[in-house]
Amino acid sequence: MNAHDPAGADIAKLHYGDGDFAVLKPGRYVICAVTGQKVPLEQLRYWSAELQEAYAGPGEALQRWRETHAG
């Protein structure tokens with residue numbers, strides 16, 4: 001980020017669907033809902049359409065699934 005970019009300008013806003021996502025606000029990355037780390041859009045492979053959140057990897061996706069589907 002440089003002095004000319006407002007804070008957070010690189011964060012994309014997405015709508016997560018089953019198997020794909022739609023870009024609502026362009027950006028370079030999203031934030032993992034579990035770890036808080038930046039996930040570049042070109043590396044984004046894991047998300048929840050149900051919860052509308054992104055994950056850094058399969059471990060984070062599984063962790064969130066377990067948290068939300070504990071029986």
Side-chain angles (χ1 to χ4, degrees):
M1 185 160 48
N2 64 44
H4 300 288
D5 291 334
D10 287 341
I11 299 176
K13 173 113 171 117
L14 307 180
H15 179 271
Y16 302 100
D18 292 327
D20 63 356
F21 56 81
V23 177
L24 302 177
K25 178 181 164 271
R28 297 184 350 187
Y29 61 86
V30 293
I31 303 296
C32 174
V34 174
T35 65
Q37 82 183 74
K38 295 177 182 178
V39 182
L41 291 188
E42 61 271 9
Q43 295 176 14
L44 180 61
R45 303 286 181 271
Y46 300 91
W47 62 82
S48 169
E50 177 185 359
L51 301 175
Q52 288 296 297
E53 55 187 30
Y55 310 114
E60 292 83 359
L62 179 59
Q63 178 181 336
R64 180 64 94 208
W65 186 88
R66 287 179 175 157
E67 291 171 359
T68 59
H69 292 85

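Numbers here simply count residues along the sequence, with the first being 1. Keep in mind that what you see is a predicted model, and the values were worked out from it rather than measured.
- One distance of note links OH of Y55 with CD1 of I31; it measures 14.5 Å at 0.5 Å rounding.
- Atom NZ in K38 sits 13.0 Å away from atom CD in Q43 (nearest 0.5 Å).
- Across all non-hydrogen atoms, the minimal contact from D18 to A49 is OD1-CB, 3.6 Å.
- In terms of heavy atoms, L41 sits closest to G27 at CD1-O, 3.3 Å.
- Residues F21 and V30 share a hydrophobic cluster, clusters being chains of Ile/Leu/Val/Met/Phe/Trp/Tyr side chains in contact below 4.5 Å.
- Separating the SG atom in C32 from the CD atom in E53 is a distance of 8.5 Å, to the nearest 0.5 Å.
- With values rounded to the nearest 0.5 angstrom, I11 atom CD1 is found 11.5 Å from R28 atom CZ.
- Partner of W65 under the side-chain contact (heavy atoms from CB on, under 4.5 Å) criterion, chosen from E67, H69, Q63: H69.
- Atom-to-atom distance recorded for E50:CD and Y16:OH is 15.0 Å, nearest 0.5 angstrom.
- Here the closest heavy-atom approach between residue A33 and residue R64 is recorded as O-NH2, 2.9 Å.
- Annotation for W47 and G17: closest pair NE1-O, 2.8 Å, computed over non-hydrogen atoms.
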